[in-house]
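These numbers were taken from a predicted model, which means no experiment stands behind them. Remember, it's 1-based here, ligands and their atoms both numbered in the order they're listed.
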Amino acid sequence: MSAPQLVVHRDKELMAEAAAARLITRIVDAQSARGSASVVLTGGRNGNGLLAALGAAPARDAVDWSRLDLWWGDERFLPEGDADRNDTQAREALLGSVPLDPARVHTMPVSGGADGGYGDDADAAAAAYAAELAAAARPEDHGPVPSFDVLLLGVGPDTHVASLFPELPGVRETERTVVAVHGAPKPPPTRISLTLPAIRAAREVWLLAAGEDKAQAAAVALSGAGEVQAPAAGARGRARTLWLLDEAAAAKLPKDLYPPY
Ligand SMILES: O=C(O)[C@H](O)[C@@H](O)[C@H](O)[C@H](O)COP(=O)(O)O
């Protein structure tokens with residue numbers, strides 16, 4: 001697993017714009033090299049802020065949107081179209097305004113819903129998403145998920161990533177790639193989440209942390225804490241682990257970690 005690299009930006013707006021520019025370049029490089037790219041989206045203000053900045057970026061359409069596979073790192077287990085769903089917010093922030101191939105947009109299952117849905121069975125929904133990931137994996141991939149080019153993660157003030165919360169069962173999962181989360185401390189309580197083994201299959205993992213409410217989490221996660229106590233500490237990419245922070249979120253980092261900025 002790759003050691004964390006840090007980039008600190010002046011403020012959260014600049015962090016979102018710089019991360020969006022970085023993501024455009026990464027997607028374009030992957031599409032040039034392999035004909036397609038695979039990105040895992042995250043929910044929350046920083047994740048949606050990145051998507052909005054991407055939509056406003058001058059180079060936005062350097063991306064071939066029809067050859068982009070989108071997955072989610074986690075989802076609130078709510079009915080289709082619910083405003084609190086990460087996919088609803090992603091659609092509003094960007095996805096509704098770019099020409100994606102719907103067959104390549106892999107949203108996590110909704111709760112309730114029509115026949116063939118999973119009702120309120122989040123565990124069945126999680127297993128279905130794990131099966132969808134496994135079906136998309138190729139022989140050259142590293143395990144039962146595709147080799148995501150970039151897996152985005154927001155970081156919670158308690159160091160959670162996706163819906164893996166400190167000390168809860170999800171962060172301790174070592175076999176399954178997707179789990180249901182019950183009793184999440186961040187509402188809504190029922191969620192679906194990739195696990196650390198799935199996260200660590202990504203080529204690159206980018207963690208987004210802006211705002212002073214993330215300063216303690218960044219300092220804890222980057223100072224050697226264990227992944228069960230600080231899930232963000234376990235979010236590592238095979239080739240790259242990149243923390244994208246603003247100055248407020250970097251304020252409590254040990255000085256030897258603070259990059260030359
Ligand atoms: O479903 C979710 O809530 C997110 O996936 C979650 O993991 C989020 O990324 C963090 O809580 C940070 O959220 P903020 O960027 O809003 O602080």
Side-chain angles (χ1 to χ4, degrees), residues 9 11-20 23 39-54 70-79 82-95 106-111 122 125-126 129 148 150-168 170-171 173 178-196 198-199 202 205-221 227 230-235 242-246 248-251:
H9 293 289
D11 56 38
K12 71 175 186 301
E13 290 77 17
L14 188 55
M15 187 202 84
E17 287 158 8
L23 185 58
V39 172
V40 181
L41 301 181
T42 187
R45 291 159 299 173
N46 288 176
N48 290 322
L50 188 163
L51 294 181
L54 207 164
L70 291 179
W71 302 86
W72 269 261
D74 75 330
E75 186 58 273
R76 294 90 179 270
F77 192 54
L78 295 166
D82 189 294
D84 282 341
R85 279 182 63 89
N86 289 332
D87 61 9
T88 304
Q89 295 176 9
R91 205 159 274 121
E92 287 164 2
L94 173 67
L95 308 191
H106 307 273
T107 55
M108 287 184 162
V110 300
S111 69
Y129 201 70
F148 309 118
V150 178
L151 187 145
L152 299 170
L153 292 170
V155 180
D158 61 357
T159 74
H160 78 259
V161 289
S163 289
L164 304 178
F165 294 90
E167 308 283 354
L168 291 191
V171 72
E173 178 62 42
V178 187
V179 292
V181 175
H182 303 282
K186 176 178 181 181
T190 307
R191 293 158 164 260
I192 298 174
S193 183
L194 295 191
T195 59
L196 286 178
I199 289 168
V205 170
W206 299 2
L207 295 102
L208 310 170
E212 63 181 347
D213 63 323
K214 306 301 174 69
Q216 186 61 20
V220 166
E227 63 193 31
L242 183 61
W243 277 74
L244 297 170
L245 305 110
D246 69 354

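- Side-chain contact between Leu41 and Asn86 is absent, with no heavy atoms from C-beta onward closer than 4.5 Å.
- Residue Thr42 approaches ligand 1 through these ligand atoms, each under 4.0 Å from one of its heavy atoms: 5 (O), 9 (O).
- Distance CD/Glu17 to CG/Asp11: 8.0 Å, rounded to 0.5 Å.
- Under the 4.0 Å criterion applied to side-chain N and carboxylate O atoms, Asp213 and Arg45 are assigned as salt-bridge partners.
- Of the polar atoms of Gly43, at least one N or O is found under 3.5 Å from an N or O of ligand 1, judged by distance alone.
- Side-chain contact check for Arg85 versus Val110: some heavy-atom pair is nearer than 4.5 Å.
- Of the protein's heavy atoms, Asp74 OD1, 2.7 Å lies nearest to atom 5 (O) of ligand 1.
- In this structure, Tyr129 and Trp71 have perpendicular ring planes: the angle between them is above 60°, well past the 30° mark.
- Within ligand 1, the atoms closer than 4.0 Å to a non-hydrogen atom of Lys186 are 2 (C), 3 (O), 6 (C), 8 (C), 10 (C), 11 (O), 13 (O), numbered from 1 in the order shown.
- Residue contact check: Arg76 has heavy atoms under 4.0 Å from atoms 1 (O), 2 (C), 3 (O) of ligand 1.
- Atom CD of Glu212 has 12 or fewer heavy atoms from other residues, nucleotides or ligands within 6.0 Å.
- Atom 12 (C) of ligand 1 has as its closest protein heavy atom Val155 O, 3.7 Å.
- Shortest contact from atom 17 (O) of ligand 1 to any protein heavy atom: Lys214 NZ, 2.5 Å.
- With hydrogens and angles ignored, the 3.5 Å screen pairs no side-chain donor or acceptor of Asn48 with any backbone N or O of Ala93.
- When Gly44, Gly211, Ala162 are ranked by how near their heavy atoms come to atom 7 (O) of ligand 1, first place goes to Ala162.
- In this structure, Leu242 CG and Leu153 CG are separated by 11.5 Å, a value rounded to the nearest 0.5 Å.
- Distances from ligand 1 to the non-hydrogen atoms of Arg191 include at least one value under 4.0 Å.
- Regarding atom 11 (O) of ligand 1, its nearest protein heavy-atom neighbour is His160 NE2, 2.6 Å.
- For atom 16 (O) of ligand 1, the closest heavy atom belonging to the protein is Arg45 N, 2.7 Å.
- In terms of protein heavy atoms, atom 15 (O) of ligand 1 is closest to Asn46 N, 3.0 Å.
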